Amino acid sequence: GQLRPGTYFGENRGSMARIVRLLRELDPHGEALIVDGGDALGPDPMAHFDSGRLFTRLMNQAGYSAMVPGNHGLNYGIDTLRTRQLQADFPFVAANLVTADSLQPALTPFAIIEKAGVRVLVTGLLSTQTKRVINPATAGDIEILDPATSLKELLGTVQRGRDFDYAIALTHMRPLEALKLAQAVHE
């Protein structure tokens, strides 16, 4: 979510333009599975200027395969995030992000993406703590369910071998929380 390079907690990061160039050079034929674990649509000031539209276009150019939204993307509100999804050439996935009124999925819970003959189930999971850092004015229409329960329910509806070959969970959470999630859902 950074258009230009910058420092983040003492580490040099960013430059979506550099990432796009690098991915296009490394994967000129679109054979790689390119995914994002959240916050690709912000927090850069340019992202706020157009609510992530520029970053969605750049991700299209880079050939992204899927992403889970992070708190910065959710700051624009679910309707804007859905608009960005329509503009994207790849799915925004979130198995535990639901609308507050109906508890129905707010975005696509998962996608099965085929690359080089391999079918990969890609889902997204957000930390339940994410809602604490989202703009309260835009967070009222969503809920974030328990990631482990949501992932177990999802895996109960699909079958490895029949529906997919491998599964990837894109997580927007702290590393320790993601590790505990993996241990809770170990298959």
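Bear in mind the structure is a predicted one, so any value in this text is a computation, not a measurement.
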Does T130 reach the side chain of L74, with side-chain heavy atoms less than 4.5 Å apart? yes

Transitively linked via ILVMFWY side-chain contacts under 4.5 Å: V98 with L170? no

Nearest heavy-atom approach of M173 to S127 is CB-CB, 3.5 Å

What's the separation between atom CZ in F110 and atom CG in D163, rounded to the nearest 0.5 Å? 7.5 Å

Is it the case that the side chain of D165 and the backbone of R119 share a donor-acceptor pair, with hydrogens and angles ignored and the cut-off at 3.5 Å? yes

Begin with the C-alpha distance, continue with both residues' side-chain angles, and end with the deciding distance and a verdict on side-chain contact (heavy atoms from CB on, under 4.5 Å) for K131 and E143. CA-CA 8 Å; K131 195 164 177 184; E143 291 295 331; 3.2 Å; yes

Can you give the donor-acceptor pairs under 3.5 Å from side chains of residues 27-38 to other protein atoms, not counting sequence neighbours?
{"unit_1": "D27", "atom_1": "OD1", "unit_2": "G30", "atom_2": "N", "d": "3.4"}
{"unit_1": "D27", "atom_1": "OD1", "unit_2": "E31", "atom_2": "N", "d": "2.7"}
{"unit_1": "D27", "atom_1": "OD1", "unit_2": "A32", "atom_2": "N", "d": "3.2"}
{"unit_1": "D27", "atom_1": "OD2", "unit_2": "E31", "atom_2": "N", "d": "3.2"}
{"unit_1": "D27", "atom_1": "OD2", "unit_2": "A32", "atom_2": "N", "d": "3.0"}
{"unit_1": "D36", "atom_1": "OD1", "unit_2": "G38", "atom_2": "N", "d": "2.7"}

Determine whether T138 and N135 make a side-chain contact, defined as any pair of heavy atoms from C-beta on separated by less than 4.5 Å. yes

For Q104 and T99, does a side-chain donor sit closer than 3.5 Å to a side-chain acceptor? no

Linking I/L/V/M/F/W/Y whenever any side-chain heavy atoms sit under 4.5 Å apart, do F92 and V120 land together? yes

Quick one, F164 and V158 - any side-chain contact, counting heavy atoms below 4.5 Å? yes

Donor-acceptor pair, R53 side chain versus Q87 backbone, under 3.5 Å? no

Within the distance-only criterion (no hydrogens, no angle test), does the side chain of T157 pair as donor or acceptor with the backbone N or O of L154 below 3.5 angstrom? yes

Please report the shortest heavy-atom distance between L41 and G73, naming the atom on each side. CB-CA, 4.3 Å

Close side-chain approach of I168 and L121, heavy atoms under 4.5 Å: no

Considering all heavy atoms of both residues, which atom of V93 and which atom of V122 are nearest to each other, and what is their separation? CG1-O, 3.8 Å

Residues M67 and F90: closest non-hydrogen pair is CG-CE1, 3.6 Å

To the nearest 0.5 Å, what is the distance between OG1 on T83 and OH on Y76? 13.0 Å

Considering all heavy atoms, the nearest A148-A184 contact: CB-CB, 4.3 Å

So do S51 and R84 actually touch side chain to side chain, heavy atoms under 4.5 Å? yes

Would you mind reporting whether T171 and V68 have side-chain heavy atoms less than 4.5 Å apart? no

Would you say that L125 contacts L181 through its side chain, given a criterion of any heavy-atom pair below 4.5 Å between the two side chains? yes

Rounded to the nearest 0.5 Å, what's the gap from CD on Q85 to CD1 on I78? Could you check? 10.0 Å

Is a side-chain donor or acceptor of D39 paired with a backbone partner of H72 at a separation under 3.5 angstrom? yes

May I have the step-by-step check of side-chain contact (heavy atoms from CB on, under 4.5 Å) for Y64 and I19, ending in yes or no? CA-CA 11 Å; Y64 274 74; I19 292 171; 3.9 Å; yes

Please say yes or no: joined through hydrophobic side-chain contacts below 4.5 Å, possibly via intermediate residues, are L151 and L179 part of one cluster? no

Kindly write out the residues that satisfy salt bridge (Lys or Arg N to Asp or Glu O under 4.0 Å) with R24, not counting sequence neighbours, or none if the list is empty. none

Any chain of hydrophobic side-chain contacts (each under 4.5 Å) joining L126 to I134? yes

Would you call D146 and N96 a side-chain contact if the rule is heavy atoms closer than 4.5 Å? no

Out of curiosity, I144 CD1 to H172 NE2, how far, rounded to the nearest 0.5 Å? 9.0 Å

Does CZ in R132 sit with more than 12 non-hydrogen atoms of other residues, nucleotides or ligands closer than 6.0 Å? no

For A94 and P69, the nearest pair of non-hydrogen atoms, with its separation, is CB-CD, 4.3 Å

Using a 6.0 Å cut-off, check whether atom NZ of K180 has over 12 heavy atoms from anything other than its own residue. no

Does any N or O in the side chain of N60 come within less than 3.5 Å of the main-chain N or O of D89, such that one atom is a donor and the other an acceptor? yes

For P109, does its backbone N or O pair with a side-chain atom of T123 as donor and acceptor, under 3.5 Å? yes

Linking I/L/V/M/F/W/Y whenever any side-chain heavy atoms sit under 4.5 Å apart, do V133 and L145 land together? no

